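Report on the structure given below.
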Amino acid sequence: ADQLNNYATMQNEPNFFEADLERFRNVKPFDVQRVANKYLSENKFVLTVLPKPGANGGFAPASLISNGTGSIADVKQNVNKHQRGLQNAENVGGLYVPPVSKPTPKLVLPEIERHFLSNGLELLFVRRSQLPILSLNLILKTGGAANPLEKFGLSSLTAGLLNQGTETRTAIEISNELLKIGAQLGTGSGWDSSSIALLTLTKNIDRALEIFADVATNPIFPENEFETYRKRLLAALLQQKDNPNAIAGSVFNSILYSKKHPYGNNLAGDEKTLEGLTQADLGEFYATYYHPNNAVLIIVGDIKKDDLLSKLEATLANWQPSEIPSINLPEITGREKSEVYLVDKPDSAQSVITIGQVGAARSTPDYFALQVMNSLLGGQFTSRVNMNLREDKGYTYGARTGFDWRLGAAPFAASASVQTAVTKESVTELLRELNEIRGIRPITEKELAYNQQSIVRRYPSAFETAGQIAGQLAGLVIYDLPDSYFNDYISSINAVTLTDANRVAREYLKPEKMAIVIVGDRKTVEPRLREIPDVEINFLDTEGQTVD
């Protein structure tokens with residue numbers, strides 16, 4: 001306020017700001033044109049940071065300035081001269097020296113210590129004392145794959161309501177107590193696991209652990225919170241019905257697996273299953289799977305092990321083990337041929353394309369070879385499919401491929417959102433790339449080396465914080481990986497040979513048996529899609545049901 005008053009005084013006008021706003025409002029188009037002609041004329045400009053020859057044969061920064069005595073033509077002539085100098089130089093120095101690659105990074109995590117509490121809860125502890133913070137990640141070895149088919153969304157709803165009320169705290173009290181100590185607590189559920197994650201300052205560990213243990217062991221799933229959360233999920237499902245990407249993902253999964261397989265359903269459920277869920281269902285799911293012998297607690301941060309163990313024994317003593325039912329995924333029937341599945345999105349400016357098949361389980365011994373192969377196929381910006389559809393053809397802002405990883409065989413998909421007019425051409429190009437990498441245009445040594453380096457050089461960035469480390473360690477628990485996995489990751493990627501990469505492309509990619517899902521304007525794209533030889537077109541609604 002003082003600055004504004006001073007400014008008004010400087011302008012010597014009591015109502016300077018009101019008058020100034022009025023001046024802006026009164027500016028007309030011809031005023032803009034008039035000042036442009038006056039001030040943006042040929043001889044009034046500054047052109048800076050252009051190279052010029054240096055004394056040692058290299059190039060140094062220079063500025064070319066015209067203040068009314070020269071012309072644009074004069075400066076262009078100087079610019080062209082400097083550009084010719086750059087092109088003819090044999091030794092470019094200074095700013096133009098290409099960067100030298102640094103050695104391959106090494107990732108060495110602190111030792112992972114394993115312990116058990118008296119109730120059978122396994123602990124993974126990593127001491128990290130750079131900052132006075134502590135990250136706890138409780139991993140339950142059960143997720144969406146355990147949902148009964150008629151109650152899909154149950155695992156997500158159960159996890160989402162864990163921190164919305166306990167026997168001694170309401171949702172608001174939990175939130176306020178965490179805010180008072182600057183702690184964060186989150187819950188969630190995926191296909192193979194559920195989790196409760198806590199981030200706190202080490203000095204507040206006693207209070208934070210009390211809240212954490214209460215949420216983990218005493219949730220009551222209050223009726224009012226249950227109804228509110230369910231309504232939010234139902235509203236999100238309604239929004240997804242108008243989202244072409246969400247439609248494509250849902251329809252693609254139902255085609256690959258069918259609704260009789262967990263993976264063919266929406267992890268968060270659908271309108272029918274969510275409407276049928278009750279508060280008692282959540283309590284039963286929790287009572288069945290949320291036990292210490294079905295969980296692992298990951299702790300990363302600045303605390304002494306002995307202090308931590310005693311605190312955990314005290315806060316989790318009443319959490320008792322129980323028998324955990326086994327989960328058996330049904331067999332997946334393979335596809336016999338490629339087919340197009342078209343979902344009509346009238347007048348859509350883009351088509352969302354998803355092409356794929358059932359891929360591999362996380363336990364496959366070819367995991368590292370598949371990572372490298374997918375990286376160069378469609379796993380990064382410079383991949384084959386993106387350079388083709390985006391950089392060469394200009395059909396899309398981005399095209400990609402990827403393997404999902406789960407305990408069961410998860411989807412592989414190549415996808416892109418493309419201009420409606422080039423839907424058929426985009427499908428053809430994606431299929432061409434999927435076919436060519438299998439032998440017509442095999443992976444080269446140069447591609448292999450580039451993508452291995454791309455993977456290993458960005459890998460350490462996933463372990464910068466205590467929370468990131470705790471999140472990464474969850475993979476050891478869920479997929480039963482060895483403690484040395486992360487320290488060996490870079491060497492495992494570098495060990496992939498050209499033979500390995502080309503072999504997995506042939507063995508795991510079957511374009512002739514892939515589902516081709518397209519969400520777009522049927523009246524525009526259907527005639528061109530019929531030009532694709534030997535491909536049948538099926539018409540589906542947004543729920544994946546057959547229509548005429």
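All figures in this text were calculated on a predicted structure; none of them were measured in a lab.
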Smallest separation among heavy atoms of S155 and F285, with atom names: CB-CZ, 3.7 Å
Could you check whether any side-chain N or O of S351 sits under 3.5 Å from a backbone N or O of G520, counting only pairs where one atom can act as donor and the other as acceptor? no
So do the side chains of D404 and Y263 get within less than 4.5 Å of each other, counting heavy atoms only? no
Count the heavy atoms belonging to other residues, nucleotides or ligands that lie under 6.0 Å from CD1 of I172, then report whether that count exceeds 12. no
Before accepting this row, confirm whether a basic side-chain N of the pair D483/R114 lies closer than 4.0 Å to the acidic partner's carboxylate O. yes
Counting heavy atoms not belonging to K259, are there more than 12 under 6.0 Å from its NZ? yes
Heavy-atom closest pair, residues Y257 and A409: OH-O, 2.8 Å
W405 and Y367: ring-ring contact (aromatic ring centres under 6.0 Å, His included), yes or no, with the steps? CA-CA 9 Å; W405 298 110; Y367 173 80; 4.9 Å; yes
ring-ring contact (aromatic ring centres under 6.0 Å, His included) between Y341 and F252, worked out: CA-CA 9 Å; Y341 299 86; F252 178 70; 9.5 Å; no
Between CG of N245 and OG of S415, what distance do you get to the nearest 0.5 Å? 8.0 Å
Side chains of T273 and D270 only: does a donor on one sit below 3.5 Å from an acceptor on the other? yes
Do M373 and V496 come close enough that some side-chain heavy atom pair is under 4.5 Å? no
Taking the side chain as C-beta and beyond, is there a heavy-atom pair between L154 and P148 under 4.5 Å? yes
Can you tell me which residue among V251, V519, I247, D242 is in a side-chain contact (heavy atoms from CB on, under 4.5 Å) with T542? I247
When you measure from the side chain of R406 to the backbone N and O of R362, does any donor-acceptor pair fall under 3.5 Å? no
Donor-acceptor contact below 3.5 Å, side chain N253 vs main chain G249: yes
Heavy-atom nearest pair, A515 first then R335, reads N-NE, 3.8 Å
Hey, does the side chain of Q184 reach the backbone of L199 with a donor-acceptor pair shorter than 3.5 angstrom? no
State, without any angle test, whether D488 and S491 hold a side-chain donor-acceptor pair at a distance under 3.5 Å. no
For A268 and L274 the tightest heavy-atom approach is O-CD2, 3.6 Å
Is the Y508 to F412 ring centre distance short of 6.0 Å? no
Would T228 and R232 count as having a side-chain donor-acceptor pair, cut-off 3.5 Å? no
How long is the gap from NE2 on H115 to CG on L297, to the nearest 0.5 Å? 12.0 Å
Quick check: do N538 and T546 have side-chain heavy atoms less than 4.5 Å from each other? no
Heavy-atom donor-acceptor pair, T202 side chain to D302 backbone, under 3.5 Å: yes
Do S250 and Q240 have side-chain N/O donor and acceptor atoms under 3.5 Å apart? no
Interatomic distance, I298 atom CD1 to E122 atom CD [nearest 0.5 angstrom]: 9.5 Å
Treating Q279 as the side-chain partner and F226 as the backbone partner, does any N or O pair qualify as donor plus acceptor under 3.5 Å? no
List the steps, then state whether salt bridge (charged side-chain N to carboxylate O under 4.0 Å, His left out) holds for E227 with R230. CA-CA 5 Å; E227 289 298 337; R230 177 165 60 179; 2.8 Å; yes
Nearest 0.5 Å, please: how far is CG in N435 from CG in L430? 11.5 Å
Taking R400 for the side chain and G398 for the main chain, is one N or O donor matched with an acceptor at less than 3.5 Å? yes
Taking atom CD of E331 as the centre, report whether more than 12 heavy atoms of other residues, nucleotides or ligands fall under 6.0 Å from it. no
Can you check whether D366 reaches R503 side chain to side chain, under 4.5 Å on heavy atoms? yes
Any donor-acceptor N/O pair, N265 side chain to H261 backbone, under 3.5 Å: yes
Basic-acidic side-chain contact under 4.0 Å: R207, E210: yes
Answer yes or no: is there a side-chain heavy-atom contact under 4.5 Å between L209 and L136? yes
Distance-only, no hydrogens or angles: does the S194 side chain make a donor-acceptor pair with backbone N or O of T142 under 3.5 Å? yes
NZ/NE/NH1/NH2 to OD/OE distance under 4.0 Å, E271 and K241: yes
Would a 4.5 Å heavy-atom cut-off, applied to side chains only, mark L121 and L138 as touching? yes
Counting only heavy atoms not in Q130, do more than 12 fall under 6.0 Å of its CD? yes
Any chance the side chains of T497 and D500 put a donor and an acceptor closer than 3.5 Å? yes
I'd like to check Y489 versus I455 (side-chain heavy atoms, cut-off strictly below 4.5 Å). Are they in contact? yes
Any donor-acceptor pair under 3.5 Å from E313 side chain to S118 backbone: yes
